[in-house]
Amino acid sequence: MVSGRKEPTVETLRHSTSHVMAQAVKSLFPDAKFGIGPSIEDGFYYDFELPRALTPEDLTLIMEKMKEIVAADVPFVREEIDRAKAQGLFADQPYKLELINELPDEKMTIYTQGEFTDLCRGPHVKSSGKLKAFKLTNIAGAYWRGDEKRPMLQRIYGVAFETEAELEAHLIRVAEANKRDHRKLGKELDLYSLHEEFGPGLVMWHPKGAMVRQIVEDFWRAEHCRRGYDIVYTPHIAKLDLWKTSGHWDNYRDNLYSPMDIDGQDYIVKPMNCPGHIIIYKTQLRSYRNLPLRMAELGTVYRYERSGVLHGLARVRGFTQDDAHIFCRADQIRDEVANVVDLSQFMMKTFGFNDYKMLLSTRPEKAIGSLPQWEEATQALRNVLEVMDIPYEIDPGEGVFYGPKIDIKLTDALGRMWQGPTIQVDFQLPQRFNVNYVGTDGAEHQVIMIHRTVLGSMERFMACLVEQYAGAFPVWLAPIQVTIIPIADRHIDYANQVAGSLKEMDVRVRVDDRTERMNMKIREAQLEKVPYMFVIGDKEVASNAVSVRLRTGEDLGSVQVSDFIDRVNTIIKEKSCDSL
RNA sequence: GCCAGCGUAGCUCAGUGGUAGAGCAGUGGUUUCGUAAACCACCGGUCGUCGGUUCAAAUCCGACCGCUGGCUCCA
């Protein structure tokens, strides 16, 4: 059948490990019903229906059983059978039967190792003795076939590698990644907090987090002004009727907060900024000469998210989008989309993100507007990506209800993907709100709207920033750029004097004038990940210098204050992404 | 929302039915110090909330709230 010469791939190894795990589960739970058990990145999983909930101790037992199976070195035996035989073989396995009945081919394959037989396309390793390095990591619930209306099975995740050393390295990587988690660093660096008493998913930005955010926002504003955007502000609540007109009430009610009564009228807190911008647009009769009109706002929106999905700053219920709406003519779509793609790439580069993915999301099931309109908009987006020669993937059915979109997904410390920037072409809202311009022919024409963010939201972007730099922000973003450390009280005056000259240059500096030893002050500045520490003692006072220590631990020794201010200023101006 | 685990001082954590503990942080004092934690003393908790079992509950049971890992969802 399969020529057995080639070395099995690591995917095959992982897949076989999942079968061995299933075998172990079956020996411990003879009545187990089996779902599916594929290989995934770094490992595998298998879904089971079991008579009781698994405990962490069960994982240990299953692990031991697996080791026995590996020690026994039982062969994986492939066999081709027809549908009828498969139905008989898996008669007591409802999930397998469902799969068997849906397979297009009458012929299918099964693999048997020891007393365990599974429906499986394969391939597999020759025998269980080939498995070398694996570990069961966690238990989770997972709906059968990912459908929330179907039974929830118990999923066991594991990791598997070709060698113990690789497994060990992987576990160390995971432990290191955990240290970068923005939820952990957010607390350690005093950036933000979330509170049960205030409400889940509602963020308190502490002074240091707020400082970083402010720098990001200032940069964002300046760049948008440079690129021809107009900045606006719109209120946080609006009449419900507006959201009925927009289609949100019908299509996304589950994510909207309940209406509140104001003078007998229903209002809701806004889930999006677009209707506000549309209303501003419509305050004047717009000529084709005015287009494109680019209206930008750091707009705070509130959306209901189911309780189980909230995650630090990355998934919250109130957040500020770096939103903008571009009102343009059909012939301007391509240029405008291209400009936004360029801007988002510029942002990613400036903030040092290299690990992101471009996705083109197509029409979802729940959508408004005609198919030809969707096709036209999707084509426009695709064109831009292709002309700009940007690699992308198609994300089928993931568009917004009013139009297709290009998304940029950023990877967090643990490899999870989060949607950041997004660009959406929309023919629907202009139609619903009757948003027009007067053309060269003197007649009214419908505008096209491009919804876009180039960071995503301030909250999620901050989460990604923290994880990207493990909390050691580049100098231009660091909430405190310099900590001045006087060794003894008699050095405080000089320290304040140095701080004064740094402040003149808008350097964010703090003098640690506490009655503590220098070692303690260095340690704390180090833990705060402050880029520069200026140590000041008798020598420095005498020579009008500072002794510079970097957060990398490097000691630059004595430096003239003016020289160093120049150096730091250059680094700040360049927005260098290096840690220093 | 679903499945599972977790919730003890500001933080990190110990405490398996018999009067709540440690380190760090905080406060008061002493120390004025050369590149990652000086020393002494003090303060600090209705053990997430509510209810139940028990002579007795941080500990056992139930509900709720929140967090964590997945699943589903994600304009």
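Note that the structure is predicted; figures quoted are calculated from it, not measured. Here is how names work: the chains are called A, B, and so on, in the same order as the sequence lines, proteins then strands, and each is numbered from 1.
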Can you check the distance between [N] and [M], where both ends of the measurement are the [atom1] atom (answer in whole Å)?
{"N": "rG26(B)", "M": "rU12(B)", "atom1": "C1'", "result": "16 Å"}
{"N": "rG21(B)", "M": "rG45(B)", "atom1": "P", "result": "13 Å"}
{"N": "rA57(B)", "M": "rC47(B)", "atom1": "P", "result": "11 Å"}
{"N": "rG34(B)", "M": "rC11(B)", "atom1": "P", "result": "35 Å"}
{"N": "rA38(B)", "M": "rC33(B)", "atom1": "P", "result": "15 Å"}
{"N": "rG28(B)", "M": "rC61(B)", "atom1": "P", "result": "45 Å"}
{"N": "rG1(B)", "M": "rA63(B)", "atom1": "P", "result": "15 Å"}
{"N": "rA36(B)", "M": "rA41(B)", "atom1": "C1'", "result": "26 Å"}

Side chain of [X]: nearest nucleotide among [options]?
{"X": "Lys187(A)", "options": "rC71(B), rU12(B), rG34(B)", "result": "rU12(B)"}
{"X": "Glu516(A)", "options": "rG69(B), rA36(B), rA38(B)", "result": "rA38(B)"}
{"X": "Met152(A)", "options": "rG1(B), rA38(B), rC2(B)", "result": "rC2(B)"}
{"X": "Glu196(A)", "options": "rC65(B), rA38(B), rG69(B)", "result": "rC65(B)"}
{"X": "Tyr143(A)", "options": "rG69(B), rA37(B), rU72(B)", "result": "rU72(B)"}
{"X": "Ala488(A)", "options": "rG34(B), rU32(B), rC71(B)", "result": "rU32(B)"}
{"X": "Pro200(A)", "options": "rC71(B), rC67(B), rG69(B)", "result": "rC67(B)"}
{"X": "Glu148(A)", "options": "rA4(B), rG34(B), rG1(B)", "result": "rG1(B)"}
{"X": "Ile522(A)", "options": "rG70(B), rA36(B), rC67(B)", "result": "rA36(B)"}
{"X": "Met520(A)", "options": "rG1(B), rG34(B), rA25(B)", "result": "rA25(B)"}

Assess whether one donor atom and one acceptor atom, taken from the side chain of [X] and the base of [N], lie less than 3.5 Å apart.
{"X": "Arg490(A)", "N": "rU32(B)", "answer": "no"}
{"X": "Glu305(A)", "N": "rG1(B)", "answer": "no"}
{"X": "Arg551(A)", "N": "rA36(B)", "answer": "no"}

Just to confirm, is there a sub-4.0 Å distance from OP1 or OP2 of [N] to any side-chain nitrogen or oxygen of [X]?
{"X": "His311(A)", "N": "rG69(B)", "answer": "yes"}
{"X": "Arg549(A)", "N": "rA36(B)", "answer": "yes"}
{"X": "Arg523(A)", "N": "rA25(B)", "answer": "no"}
{"X": "Arg517(A)", "N": "rA38(B)", "answer": "yes"}

Flag the pair [X] and [Y] as a salt bridge only when some basic side-chain nitrogen lies within less than 4.0 angstrom of an acidic carboxylate oxygen.
{"X": "Asp58(A)", "Y": "Arg52(A)", "answer": "yes"}
{"X": "Asp538(A)", "Y": "Arg490(A)", "answer": "yes"}
{"X": "Arg523(A)", "Y": "Glu516(A)", "answer": "no"}

[N] - base-pair partner by Watson-Crick or wobble geometry, distances under 3.5 Å:
{"N": "rC42(B)", "value": "rG26(B)"}
{"N": "rG5(B)", "value": "rC67(B)"}
{"N": "rC33(B)", "value": "none"}

Nearest-Å distance for atom pair [atom1]/[atom2], residues [X] and [N]:
{"X": "Ile487(A)", "N": "rU31(B)", "atom1": "CD1", "atom2": "C1'", "value": "16 Å"}
{"X": "Leu313(A)", "N": "rC67(B)", "atom1": "CG", "atom2": "P", "value": "13 Å"}
{"X": "Met518(A)", "N": "rU32(B)", "atom1": "CE", "atom2": "P", "value": "15 Å"}
{"X": "Asp254(A)", "N": "rC74(B)", "atom1": "CG", "atom2": "P", "value": "10 Å"}
{"X": "Asp181(A)", "N": "rC67(B)", "atom1": "CG", "atom2": "C1'", "value": "13 Å"}
{"X": "Ile139(A)", "N": "rC3(B)", "atom1": "CD1", "atom2": "C1'", "value": "10 Å"}
{"X": "Lys135(A)", "N": "rG69(B)", "atom1": "NZ", "atom2": "C1'", "value": "14 Å"}

CG of Asp395(A) to CD1 of Ile406(A): how many Å apart, nearest 0.5 Å? 12.5 Å
Under 4.0 Å, heavy atoms only, any strand: does [X] hit a base, just the sugar-phosphate, or nothing?
{"X": "Asp489(A)", "answer": "base"}
{"X": "Arg315(A)", "answer": "base"}
{"X": "Tyr157(A)", "answer": "sugar-phosphate"}
{"X": "Asn519(A)", "answer": "sugar-phosphate"}
{"X": "Pro271(A)", "answer": "base"}
{"X": "His451(A)", "answer": "nothing"}
{"X": "Asp538(A)", "answer": "base"}
{"X": "Glu197(A)", "answer": "nothing"}
{"X": "Ala140(A)", "answer": "base"}
{"X": "Val400(A)", "answer": "sugar-phosphate"}
{"X": "Leu527(A)", "answer": "base"}
{"X": "Gly146(A)", "answer": "sugar-phosphate"}
{"X": "Glu398(A)", "answer": "nothing"}
{"X": "Ile536(A)", "answer": "nothing"}

Between [X] and [Y], does any side-chain donor sit less than 3.5 Å from a side-chain acceptor?
{"X": "Trp144(A)", "Y": "Asp47(A)", "result": "no"}
{"X": "Thr234(A)", "Y": "His277(A)", "result": "no"}
{"X": "Thr453(A)", "Y": "Thr422(A)", "result": "no"}

Quick one: does Ile62(A)'s side chain get under 4.5 Å of Met66(A)'s, heavy atoms only? yes
Would a distance-only check, ignoring hydrogens and angles, find a side-chain to backbone donor-acceptor pair under 3.5 Å from Thr245(A) to Asp241(A)? yes
Using only atom types and a distance under 3.5 Å, with no angle test, would you say the side chain of Arg14(A) pairs donor to acceptor with the backbone of Phe44(A)? no
Ranking Arg416(A) and Tyr304(A) by the position along RNA chain B of their nearest nucleotide, the one closer to 5' is Tyr304(A)
If you find the nucleotide of RNA chain B closest to Glu524(A) and the one closest to Arg155(A), which residue's nucleotide is nearer the 5' end? Glu524(A)
